[in-house]
*Asks:* 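Take this structure, written in structure tokens, and hold onto it; I'll ask about it next.
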Amino acid sequence: MDYKDLANVIFPYVKDISYYEEKYPRRNLPEGAVVTRFAPSPTGFVHIGGLYQSVIAKKIANQTGGVFFLRIEDTDQKREVEKGVTGIIDALKEFGMSPDEGMINEDEYVGNYGPYKQSLRKEIYQAYAKYLIEKGDAYPCFCKQEQLDEMRAKQENAKLRTGYYGVWSKCRHIPVNEAIQKINDGEDYIIRFKSQGREDKKIKHHDVIKGNIDFPENDQDIVIIKADGLPTYHFAHAVDDHLMGTTHVIRGDEWLSSVPLHLQLFQSLGFKSPKYAHIAPIMKEENGAKRKLSKRKDPEAAVSYYAEVGIPEEAVDEYLLNIANSNFEQWRRQNQDAKMEEFELQLNKMSVSGALFDIVKLCDISKRVISKYTKEEVYEKALNWAKKYDKHLEELLEKNKEYSLKVLGIERGNLKPRRDIGKWEDVKENIIYMYDEEYFKEKPQYEFQKITDKEEIKNIINTYIEEYFDINDDKETWFNKIKDLSEKFGYARETKEYKQNPDNFKGHIGDISTVIRICLTGRANTPDMFEIMKVLGKESVIKRLKMAIEKL
RNA sequence: GGCCCGUUGGUAAAGCGGUUAAUACACCGCCCUUUCACGGCGGAGACAUGGGUUCGAGUCCCGUACGGGUCACCA
């Protein structure tokens with residue numbers, strides 16, 4: 001009896017690995033093309049860190065003429081969630097990160113290296129496990145959970161390294177015929193990797209992001225096939241990334257310490273190992289301590305959060321890209337209208353330690369992104385958001401589309417667009433005073449600034465309405481009239497004039513404009529007043545101004 | 001605890017043995033300006049710490065502190 005017999009007893013029906021090696025030939029890609037993947041578990045929640053990985057992986061693949069694929073790692077069936085795969089696919093799509101190949105819904109896929117869902121590849125893993133058993137590089141382990149717990153307790157008491165290695169790896173030394181006997185007797189078992197590593201020896205590894213790292217060799221006989229016949233992450237990673245032709249494994253740096261094991265697995269299986277790029281996680285500060293963004297505590301950890309508050313997906317993408325390569329924002333300033341895709345990402349320029357998530361910075365980026373949108377785009381995107389999250393805003397926008405477009409178009413599309421909307425959530429507050437039905441319903445509070453004398457305000461407004469206001473004026477005429485009005489009341493026509501001789505005036509044109517602005521809109525800060533008047537129309541302007549002075 | 005990794009203004013982050021230690025966001029001031037925003041100019045603010053190596057250290061080496069990761073039939 002030898003290893004081959006043992007392998008046959010355990011996996012009598014699986015195919016030979018040569019079948020899979022032929023079925024999944026090496027990819028025919030140009031020199032330098034990088035193949036990457038996003039490989040999440042369908043646990044019902046796409047984390048911002050997962051998106052971050054995807055942004056990087058997709059970018060690297062695309063800019064080298066390679067492939068970015070999506071593989072679902074559902075080998076832990078306990079954690080699986082209904083419609084988890086669809087959730088991931090939809091989220092990637094929303095953020096423009098759809099893969100070139102991989103799963104396209106719960107159980108269908110595109111691409112030549114599928115299935116791209118691990119639970120559907122069970123027999124593939126088993127074929128390779130069988131191969132390892134035949135080689136004597138894997139063996140069945142009959143240890144019960146209680147035995148393992150006991151062993152761990154002993155190790156801890158003796159202050160030894162925990163785990164299944166060296167003298168502790170009992171089943172590793174069971175003779176083949178004995179093992180076969182146990183299996184035939186119906187004993188439960190799992191398959192372990194027979195590590196040839198030695199803890200006192202070092203291996204050198206070069207990580208694309210983290211640089212050179214020395215590790216002790218792995219000497220743990222880790223589980224490769226679990227009791228349910230499915231592989232563990234480590235084994236599936238080796239088999240899948242080999243068969244699928246992944247050239248660069250881009251993943252979270254919680255995997256860094258598994259590298260010695262993974263390298264060993266690749267070697268033992270006779271695979272060429274991929275390059276590794278371990279990404280530092282996105283962190284959050286709490287009570288002075290840094291920690292990973294947590295799905296339980298931090299709403300911003302879920303990518304769905306950004307849709308809720310109304311931050312455009314491309315703003316999130318750009319923010320993530322900026323965390324990845326901080327020279328992105330410099331590039332962005334120089335290439336304002338270029339597509340994000342044109343930026344060249346460099347893995348080796350990524351930070352080795354985790355960046356704190358900065359929502360203020362994100363909003364700044366978002367404001368810039370939104371300021372570039374046309375009024376039609378703003379209208380459509382804000383409306384889409386409002387349909388889900390703000391019924392009132394939805395009504396407002398839909399009731400009069402043409403009018404809303406005019407409102408949203410104020411100071412938009414010119415050389416210095418306003419940057420006052422960071423999230424769709426902000427839109428309502430920004431435009432609501434422009435709608436008469438809302439404006440007159442709300443009864444604005446007028447908080448005057450420099451000119452506060454009621455009689456003075458009344459006179460200014462009345463004079464403006466009676467002698468100067470004409471909705472048909474062009475901007476220059478309109479503005480000259482405000483100047484005339486200012487002069488008439490003893491205010492300087494120009495700010496400069498006033499500053500040169502403040503004693504000669506009661507104030508300057510800015511003070512007069514502010515009074516009109518406040519009476520017109522109920523607020524001191526608004527976009528260009530001329531445009532506002534044009535949009536509001538004659539009747540509304542007069543009605544608003546009159547209402548303001550009546551209340552004085 | 002063992003093993004890895006890290007630590008430059010509030011945040012992100014250039015820097016690669018010789019720099020007045022960039023830049024962006026945030027903050028403050030000024031200018032522009034009918035307000036705000038935009039834009040322009042300016043300001044405050046940092047190399048965790050102790051030892052080496054060197055003519056010279058943010059940069060190289062060692063220690064310490066602090067932070068992060070990892071040590072499952074989870075990924």
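All values reported here derive from a predicted model rather than from experimental measurement. First the proteins, then the strands, lettered A, B, ... as listed; each starts at 1.
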*Asks:* Need one value for A:K367: base, sugar-phosphate or nothing, where a base atom within 4.0 Å counts as base even if backbone is also close, heavy atoms only.
*Replies:* nothing
*Asks:* Is A:I190 touching bases, backbone alone, or none of the nucleic acid, heavy atoms closer than 4.0 Å?
*Replies:* base
*Asks:* Check the orientation of A:H262 and A:Y233. Use parallel for under 30°, tilted for 30 to 60°, and perpendicular for over 60°.
*Replies:* tilted
*Asks:* Is it the case that the side chains of A:D240 and A:Y125 hold a donor-acceptor pair, with the cut-off being a distance below 3.5 Å and no angle test?
*Replies:* yes
*Asks:* Roughly how many Å apart are B:rG18 and B:rG56, using the C1' atom of each and rounding to a whole number?
*Replies:* 7 Å
*Asks:* If you measure from the P atom in B:rA14 to the same atom in B:rA22, how many Å do you get, rounded?
*Replies:* 15 Å
*Asks:* So what does A:W478 touch, heavy atoms closer than 4.0 Å: a base, only the sugar-phosphate, or nothing?
*Replies:*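 Base: the residue A:W478, judged by heavy atoms under 4.0 Å, touches a nucleobase.
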*Asks:* Under a 4.0 Å heavy-atom cut-off, which of residues 156-169 of chain A touch RNA chain B?
*Replies:*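 Correct list: A:T162.
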*Asks:* What is the nucleic acid contact for A:R333, judged by heavy atoms within less than 4.0 Å: base, sugar-phosphate only, or nothing?
*Replies:* sugar-phosphate
*Asks:* Give one of base, sugar-phosphate or nothing for A:N327, where a contact means two heavy atoms less than 4.0 Å apart.
*Replies:* nothing
*Asks:* In whole angstrom, give me the gap between the C1' atoms of B:rG67 and B:rU49.
*Replies:* 14 Å
*Asks:* Whether A:K506 and A:D511 form a salt bridge (side-chain N of Lys/Arg under 4.0 Å from carboxylate O of Asp/Glu) is what I want to check.
*Replies:* no
*Asks:* Mind checking who B:rC55 pairs with, Watson-Crick or G-U wobble, both distances under 3.5 Å?
*Replies:*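 Its partner is B:rG18.
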*Asks:* Regarding A:S351, tell me which of base, sugar-phosphate or nothing describes its non-hydrogen contacts under 4.0 Å with the strands shown.
*Replies:* sugar-phosphate
*Asks:* Given that both distances must come in under 3.5 Å, which nucleotide forms a Watson-Crick or G-U wobble pair with B:rC36?
*Replies:* none
*Asks:* Students often get this wrong, so: under 4.0 angstrom with heavy atoms, is A:D364 touching a base, only sugar-phosphate, or nothing?
*Replies:* sugar-phosphate
*Asks:* Quick check: any donor-acceptor pair below 3.5 Å linking the side-chain of A:R523 to the base of B:rU35?
*Replies:* no
*Asks:* NA contact type, A:F479, heavy-atom cut-off 4.0 Å: base, sugar-phosphate, or nothing?
*Replies:*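 It contacts base atoms.
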*Asks:* Please classify the nucleic acid contact of A:F215 as base, sugar-phosphate, or nothing, using heavy-atom distances under 4.0 Å.
*Replies:* sugar-phosphate
*Asks:* Please name the nucleotide paired to B:rG1 by Watson-Crick or G-U wobble geometry with both distances under 3.5 Å, or report none.
*Replies:* B:rC71
*Asks:* Give A:A227 one of three labels, base, sugar-phosphate or nothing, depending on what nucleic acid heavy atoms sit under 4.0 Å from its own.
*Replies:* base
*Asks:* Using a cut-off of 4.0 Å on non-hydrogen atoms, how would the nucleic acid contact of A:K349 be classed: base, sugar-phosphate, or nothing?
*Replies:*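 Counting heavy atoms under 4.0 Å across all strands, the contact made by A:K349 is with sugar-phosphate only.
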*Asks:* Is it true that a side-chain atom of A:K210 and a backbone atom of A:V352 form a donor plus acceptor pair closer than 3.5 Å?
*Replies:*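 Yes, the answer is positive, given that a donor and an acceptor are paired below the 3.5 Å cut-off.
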*Asks:* Tell me which nucleotide among B:rU35, B:rG69, B:rU34 gets nearest to the side chain of A:M529.
*Replies:*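 So the nucleotide nearest the side chain must be B:rU34.
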*Asks:* Ring centroids only, cut at 6.0 angstrom: are A:Y189 and A:Y139 within range, meaning strictly under it?
*Replies:*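 Here the rings of A:Y139 and A:Y189 have centres that are no less than 6.0 Å from each other.
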*Asks:* Below the 4.0 Å mark, does B:rU33 have OP1 or OP2 next to a side-chain nitrogen or oxygen of A:K496?
*Replies:*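 Indeed, a polar side-chain atom of A:K496 lies that close.
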*Asks:* Among B:rC73, B:rC5, B:rC36, which is the nearest nucleotide to the side chain of A:K210?
*Replies:* B:rC5
*Asks:* Contact class for A:S326 (heavy atom, under 4.0 Å): base, sugar-phosphate, or nothing?
*Replies:*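 Sugar-phosphate: the residue A:S326, judged by heavy atoms under 4.0 Å, touches backbone atoms but no base.
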*Asks:* Anything under 30° is parallel, anything over 60° is perpendicular, the rest tilted; go ahead and classify A:F266 against A:H237.
*Replies:* perpendicular
*Asks:* Between A:K372 and A:E314, does at least one N-O distance fall below 4.0 Å, as a salt bridge requires?
*Replies:* no
*Asks:* Among A:R251, A:K275, A:R37, which residue satisfies the salt bridge (Lys or Arg N to Asp or Glu O under 4.0 Å) criterion with A:D241?
*Replies:* A:R37
*Asks:* Categorize A:T75 for me: base, sugar-phosphate, or nothing, with a 4.0 angstrom heavy-atom threshold over every strand shown.
*Replies:*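 Result for A:T75 = sugar-phosphate.
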*Asks:* Taking a pair as Watson-Crick or G-U wobble with both distances under 3.5 Å, which nucleotide is matched to B:rU64?
*Replies:* B:rA48
